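Notes follow the structure.
Here the structure is a predicted model, which is why all the values come from computation and not from measurement. When reading the values below, keep in mind they use all heavy atoms of this one structure, side chains included, and skip hydrogens, waters and symmetry mates.
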Amino acid sequence: MEITELLNPKAIKVVGKMSSKKRLFQDLGDLAMLTYGIPLGDAVDALQERESLGPTGVGHGVALPHARIHGLSSVVGAFVRLETPMDFDAVDRQPVDLIFALFAPANSGVDHLKALALVSRTMRDRDICAKLRANTEAATLHAILSAGPSTSKAA
């Protein structure tokens, strides 16, 4: 599995400032709807439901919100880069500016976990995060993310 299998280049957005998690989830839902045809309400509700179980801010300015959606056939992603970091209740209490959301089929077990592990490994790479923070073009951000690690390279 590779990032290119999860993330359509059209599902990437750079935003100046975000007022709240709710607004961020709305933007992620918009990306999911426009790119993958996921109903907006389903995407937003599923992200908020998952977040209510515990924050998905994993530290170092990164958040990995994820949700299961009925009717999806494969795991897909959306990426938002914030120019102004926002509070996300992250584990390290640092504001977040890199958000990689995953939407998985309701019954996906292993694929969802593999995708989450891949995205987590990619977003823990300090060089990748530095490059993401230094660029504002969606195509460049997709190229940076796509050049990251893949599950076949891990061992």
How close do [X] and [Y] get, counting heavy atoms only, and between which atoms?
X: Ala11; Y: Gly77; result: CB-O, 3.4 Å
X: Ala78; Y: Leu28; result: CB-CD2, 4.0 Å
X: Ala43; Y: Ile69; result: CA-CD1, 3.8 Å
X: Gln26; Y: Leu40; result: NE2-CD2, 3.3 Å
X: Leu132; Y: Leu98; result: CB-CD2, 4.0 Å
X: Pro105; Y: Arg68; result: O-NH1, 3.8 Å

When you check the gap from the basic side-chain N to the acidic O, do Asp89 and Lys21 get nearer than 4.0 Å?
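Yes, Asp89 and Lys21 are salt-bridged.
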Charged N to carboxylate O under 4.0 angstrom, Asp127 versus Lys131?
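The answer is no: the pair does not qualify as a salt bridge.
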For the [atom1] atom of [X] and the [atom2] atom of [Y], what is their distance to the nearest 0.5 Å?
X: His142; Y: Ile3; atom1: NE2; atom2: CD1; value: 8.5 Å
X: Thr56; Y: Phe100; atom1: OG1; atom2: CZ; value: 13.0 Å
X: Leu102; Y: Asp111; atom1: CG; atom2: CG; value: 11.5 Å
X: His66; Y: Leu113; atom1: NE2; atom2: CG; value: 9.0 Å
X: Met18; Y: Phe25; atom1: CE; atom2: CZ; value: 10.5 Å
X: Leu141; Y: Ser146; atom1: CG; atom2: OG; value: 10.5 Å

Compare all side-chain heavy atoms of [X] with those of [Y] and state whether any distance is below 4.5 angstrom.
X: Asp42; Y: His70; answer: no
X: Met123; Y: Leu145; answer: yes
X: Val76; Y: Thr35; answer: no
X: Asn135; Y: Glu137; answer: no
X: Ser120; Y: Val58; answer: no

Audit row: Arg121, Asp125, salt bridge (charged side-chain N to carboxylate O under 4.0 Å, His left out) steps and yes/no
CA-CA 7 Å; Arg121 196 167 51 251; Asp125 186 305; over 6 Å; no
Got more than 12 heavy atoms from elsewhere within 6.0 Å of CD, Glu83?
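Yes, the 6.0 Å shell around CD holds more than 12 heavy atoms from other groups.
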Tell me if a side-chain donor or acceptor on Gln48 pairs with a main-chain N or O of Asp45 at a distance below 3.5 Å.
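No.
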Do side-chain atoms of Tyr36 reach the backbone of Leu31 as a donor and acceptor pair under 3.5 angstrom?
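No, Tyr36 side chain to Leu31 backbone: no donor-acceptor pair under 3.5 Å.
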